[in-house]
Protein chains: 2
Amino acid sequence: MARLVDVIEMVINQMLDENDGSVIISRNTLAEKVNCVPSQITYVLSTRFTPGNGYIVESRRGGGGQITVMRAKPLSSTEYLKAMLDTIGRELSQQQARLLLQNAISRKAMNAREATIIMAACSDRALGKLDPDARNIVRADVFKNAIAGMLVDVNNNNLR
Amino acid sequence: MARLVDVIEMVINQMLDENDGSVIISRNTLAEKVNCVPSQITYVLSTRFTPGNGYIVESRRGGGGQITVMRAKPLSSTEYLKAMLDTIGRELSQQQARLLLQNAISRKAMNAREATIIMAACSDRALGKLDPDARNIVRADVFKNAIAGMLVDVNNNNLR
DNA sequence: ATAATGTGAATGTCAAAGAAAGTCAAAACT
DNA sequence: AGTTTTGACTTTCTTTGACATTCACATTAT
C-alpha cells in the first residue's frame, strides 16, 4: 500500500538521522533491501533529495561504486526561504509546492500552520477556475509572493 | 431513492467523524464502494466539500495516488474566520481582502504575520499574469482557500 | 617497468507500462 | 433550468527493465 518512493525516502532519511546528516549507500544493496529495481533508488534521489530541497548527492560508478547523500548545512530560516525563492521557476506544480513546504517545516523555516495556509492558497482547488496551463504559472506567483510575505518585516508591511 | 451525491457526502462525512476531521481516501475504491463512476467522487468533492464550506481537499495522482479531505475543527475561536468565508462571494478585490485581514487581526483571529502571508498570496502582484477581469475571481478562491487552511487542525493536514 | 587492454562491478539514462486522479461534455434526472 | 450521472479521454506520478557508461583492478604486450 505504501508507495515505494515513500519507503525509500524514509529509509534514507533514517540513515541520515543516524549518521549525522551524511550517509554512503550502495544503490544495489539498498534496492535489494527494499525490494525494488536499482533505478528506483535513482528516481527517489532525483525527485526527493534535490539540491533545492537541501541535499547534496554525489556518486561514483564502477567497482566499489557508491552514492553519498548529505544534508546541506542548515541555513537560517530567512536564508532558507530566500534560497527557496531562487529555486522556483516560472511554474510550480502542486506537488512541488507541497515538498517545498514540507522541507521548510522540517527545517523550522516556518510552522505547520503557515505552511497549511500557503498550501491552501496555491492548491489546485484555489486555482480551479484557471485554465490548467495557467495554473502552475499562477501558482508559482502566488507561492513566491506568500513566501516573500514571510520575509517582510511585520511592522512594515502593507496592511497597516 | 437517495441521490448518489447525498450518499457519497454522507459516507465522507462519516469517515471524517471517525477520523478526527481528516481522512485520506482512494477515489477508485470509494467509487466502487458506493457503486458509481470515479468522476462522481470528484463531482461531490467539488460541489460539497468546498473551502466556502470549510473544507480543504488535496490530491495526488499516479500510483498510490490519494485524496485528502480535511474539515475545519469547530473551534469557537475560528468561528469568525468561518463566518468570514461565508461572506466572500465569487470575486474579491485587493481592498476588500486587506480590510478582511485587518478585521481578522483586530479580532485576534490571526496574527499579523499570517495576514501578511495571505495578503501577499492574493495580491495583484501575485496575480499579475492574469487578465485583470479574472483577478478578483481567482483572488476570491485563493483567499478562501488560505483562510480555510487556517481552520484545519495543523496536526491533521496532509503536509506531513 | 610501463602502457595498453580486458573484465566485472557498480551507477546512469531513458522510454514504456502501469496506476491513480482530473476534465469535460453529453445524457439523464427533478 | 439546473443539477446529477456517466464515460471517454487526459494528465500526473510511479515502477520497471533494457541498455549505456564509468571505474578499479587484473592481465597482457612492448
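So you know, we letter chains A, B, ... as the sequences are listed, proteins then strands, and number each from 1. Just so you know, these numbers use all the heavy atoms, side chains as well, and skip hydrogens, waters and symmetry mates.
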> Could you check how far CZ of B:R27 sits from P of D:dT12, rounded to whole Å?
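Distance, rounded to whole Å: 15 Å.
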
> Using a cut-off of 4.0 Å between protein heavy atoms and nucleotide atoms, how would you tag nucleotides 14-24 of chain D 5' to 3' with B, S and -?
BBBB---BBBS

> What is the separation between atom CD1 on A:I25 and atom P on C:dA10, rounded to the nearest whole Å?
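Answer to the nearest Å: 14 Å.
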
> Which whole-number value in Å describes the distance from A:D133 CG to C:dT23 P?
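For the pair A:D133 CG and C:dT23 P, the rounded distance is 12 Å.
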
> Using the rule given for side-chain contact (heavy atoms from CB on, under 4.5 Å), can you reason through B:Y43 versus B:I8, listing the C-alpha separation, both sets of side-chain angles and the distance that settles it, and then say yes or no?
CA-CA 10 Å; B:Y43 175 69; B:I8 296 170; over 6 Å; no

> Can you measure A:K129 atom NZ to C:dT23 atom P for me and round it to whole angstrom units?
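My rounded result for the distance is 13 Å.
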
> Give the rounded distance in Å between these two atoms: CZ of A:R139 and P of D:dT11.
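To the nearest whole Å, that distance equals 16 Å.
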
> Tell me whether the OP1 or OP2 atom of C:dG22 has a side-chain N or O from A:R135 closer than 4.0 Å.
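False: A:R135 side-chain N/O out of range (4.0 Å or more) of C:dG22 OP1/OP2.
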
> Checking A:T42 against A:R27: is there a side-chain donor and acceptor pair closer than 3.5 Å?
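Yes.
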
> Looking only at atom types and distance, does a side-chain atom of A:R48 sit under 3.5 Å from a main-chain N or O of A:E9, one as donor and one as acceptor?
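Looks like no, no N/O pair under 3.5 Å.
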
> With a 4.0 Å limit, can you tell me whether B:T42 has a side-chain N or O closer than that to the phosphate oxygens OP1/OP2 of C:dG22?
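For C:dG22, OP1 or OP2 has a side-chain N or O of B:T42 closer than 4.0 Å.
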
> Contact class for A:R125 vs. all strands (heavy atom < 4.0 Å): base, sugar-phosphate, or nothing?
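The answer is nothing, as A:R125 stays clear of every strand by at least 4.0 Å.
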
> For a quick check of understanding: with a heavy-atom distance under 4.0 Å over all strands, which category does A:N28 fall into, base, sugar-phosphate or nothing?
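Base: the residue A:N28, judged by heavy atoms under 4.0 Å, touches a nucleobase.
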
> Under 4.0 angstrom, heavy atoms only, what part of the nucleic acid is A:I41 near: base, sugar-phosphate, or nothing?
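Result for A:I41 = nothing.
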
